[in-house]
Colleague: 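Provided herewith is a single structure, encoded as structure tokens, for subsequent inquiry.
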Amino acid sequence: MFNLLRMDLYRIKRSQSVYVCFAILLSLTVLACWLVWLMETPQGRQSAVRLGMFSLEDLAEMNVEVDILQNMDILGMFRNIGMDGGLYCSTLGIVIALFVCMDFQGGFMKNIITSHQNRWHYVVSKLLTAGILNFLLIVLLFAFCLLMNLLFHMVPLTDWNNILFYMAWAWVISTAFASLVIAICIITRSVTMGILGAILFGSGIIVTLLSYVTSLFHLGQWTKYTLYYNMTYGPSSYSGTGDLQIFVIGFVFMALYTAIASFCLTKQDI
């Protein structure tokens, strides 16, 4: 399985979709930071006036205490830019869908299964590759967010213990989401269904619709155990052992989707 993992890492390193999606995330981070700086800082508002975005009269009306940035630190800004809303998970899911379905579309899957009789090796290799890529993306995006904050001087830093705690469970939850996309791709063998699943589940559309229906029957508590809910509303700091529940939820879903993908792959005729 080590050779299979090494091959997957080499292939995803050369995959253009990874760099395109990462560039999109960086561009959206720059845009979000720039807009917040323009609208929520005195220096930014003055620059907006010079750029002709609004007049001096508008500036006088907006000359109040900062709203969005009040009581916000670098971790809160990082979460609000794209992590909480589902943008990051959807983007990660699209990359994984393109990567996994490439094996089916190119006929490469037959060669892999011929060399590796234990088909669960294939699923685990894809999951490990997704986990490594996920770790690199989260770290690089947070480092870029730090850089943007240094340039725009918007929010203060936060305790590094809180940052490490958040990034640890965010990695677990988003990797579990990647395992869901892997399962969808293996079951359907369709890049369209993989991307559609990544968007619908990553953005929370499916969870929101089902939550609305079940809430009519007072059965909406199940949403607290979904990946989308925990990714969006998970704790930013460790306050007790109850916060560790989010790790359990992430690992349970990761194991469940990996088992489903492995079972379906063993039953498929490649």
Side-chain angles (χ1 to χ4, degrees), residues 1-2 4-5 8-9 12 18 21 79 82-84 86-101 103 116 118-139 141-142 164-189 193-207 210 222-235 238 241-268:
M1 191 176 69
F2 176 77
L4 186 58
L5 175 61
D8 282 338
L9 291 175
I12 204 165
V18 174
C21 290
R79 294 188 62 167
M83 300 296 289
D84 289 353
L87 173 65
Y88 176 77
C89 279
S90 297
T91 305
L92 176 66
I94 291 173
V95 172
I96 298 303
L98 292 172
F99 176 65
V100 174
C101 290
D103 292 343
H116 299 272
N118 294 323
R119 297 189 179 186
W120 66 271
H121 286 177
Y122 174 85
V123 179
V124 173
S125 176
K126 288 293 186 288
L127 179 62
L128 291 175
T129 302
I132 294 172
L133 174 65
N134 185 28
F135 173 79
L136 292 175
L137 289 178
I138 290 178
V139 171
L141 282 174
F142 185 76
L164 293 177
F165 174 72
Y166 169 76
M167 295 182 73
W169 70 251
W171 177 85
V172 173
I173 295 296
S174 51
T175 303
F177 176 76
S179 69
L180 168 61
V181 177
I182 292 172
I184 293 174
C185 292
I186 288 177
I187 293 171
T188 64
R189 302 188 187 185
M193 293 302 298
I195 293 177
L196 185 62
I199 295 174
L200 292 179
F201 285 101
S203 62
I205 295 176
I206 296 296
V207 174
L210 292 178
W222 64 273
T223 57
K224 294 182 179 179
Y225 303 98
T226 61
L227 294 176
Y228 173 76
Y229 181 93
N230 282 274
M231 190 70 189
T232 303
Y233 302 107
Y238 177 75
T241 54
D243 292 334
L244 299 179
Q245 171 183 294
I246 196 169
F247 288 96
V248 177
I249 292 173
F251 282 118
V252 167
F253 274 109
M254 195 185 305
L256 175 63
Y257 292 136
T258 301
I260 292 174
S262 300
F263 176 78
C264 292
L265 188 61
T266 57
K267 298 300 181 181
Q268 287 179 346

Colleague: Partners of Phe251 by ring pair (Phe, Tyr, Trp, His ring centres under 6.0 Å), sequence neighbours excluded?
Modeller: none
Colleague: Who passes side-chain hydrogen bond (donor to acceptor under 3.5 Å, both in side chains) against Ser174, sequence neighbours left out?
Modeller: Asn134
Colleague: Might you confirm whether atom CZ of Phe135 has over 12 heavy atoms from other residues, nucleotides or ligands at distances under 6.0 Å?
Modeller: no
Colleague: Over all heavy atoms of both residues, which pair between Ala176 and Gly250 is shortest? Give the atoms and the distance, please.
Modeller: CB-O, 3.3 Å
Colleague: Any side-chain heavy-atom pair from Trp120 and Thr266 closer than 4.5 angstrom?
Modeller: no
Colleague: List for me each residue that meets ring pair (Phe, Tyr, Trp, His ring centres under 6.0 Å) alongside Phe142, sequence neighbours excluded, and say none if there are none.
Modeller: Phe78
Colleague: Between Thr226 and Thr223, is there a donor-acceptor pair closer than 3.5 Å when you use the side chain of the first and the backbone of the second?
Modeller: yes
Colleague: Does some side-chain heavy atom of Leu141 sit less than 4.5 Å from a side-chain heavy atom of Tyr88?
Modeller: yes
Colleague: Any side-chain donor paired with an acceptor under 3.5 Å for Asp84 and Tyr233?
Modeller: no
Colleague: Of the non-hydrogen atoms in Met254 and Leu127, which two are nearest, and what is the gap between them?
Modeller: CG-CD2, 3.9 Å
Colleague: Quick one: list whatever passes side-chain contact (heavy atoms from CB on, under 4.5 Å) with Asn230, sequence neighbours left out.
Modeller: Ile173, Ile246, Ile249
Colleague: Would you name the heavy atoms of Gly194 and Val181 that are closest together and state the gap between them?
Modeller: O-CG1, 4.2 Å
Colleague: Taking only residues two or more places apart in sequence, or in another chain, which ones meet Val252 in a side-chain contact (heavy atoms from CB on, under 4.5 Å)?
Modeller: Val248
Colleague: Looking at side-chain heavy atoms only, is the closest gap between Phe201 and Tyr228 below 4.5 Å?
Modeller: no
Colleague: Is the distance between the ring centroids of Tyr166 and Trp169 less than 6.0 Å?
Modeller: yes
Colleague: Between Ser262 (side chain) and Ala259 (backbone), is there a donor-acceptor pair under 3.5 Å?
Modeller: no
Colleague: Just to verify, what does Thr129 make a side-chain contact (heavy atoms from CB on, under 4.5 Å) with, not counting sequence neighbours?
Modeller: Leu5, Asp8, Leu9, Ile12, Phe99, Ser125
Colleague: Could I get the full list of side-chain contact (heavy atoms from CB on, under 4.5 Å) partners for Ile187, not counting sequence neighbours?
Modeller: Ile260, Cys264
Colleague: Report the residues that fulfil ring pair (Phe, Tyr, Trp, His ring centres under 6.0 Å) with Phe263, sequence neighbours left out, ordered by chain and then residue number.
Modeller: none
Colleague: Can you name the closest pair of heavy atoms from Ala170 and Met83 and give their distance?
Modeller: CB-CE, 4.5 Å
Colleague: Mind jotting down which residue pairs meet the side chain to side chain donor-acceptor pair (under 3.5 Å) criterion with at least one end in residues 242-260? Sequence neighbours excluded, please.
Modeller: Ser239-Asp243
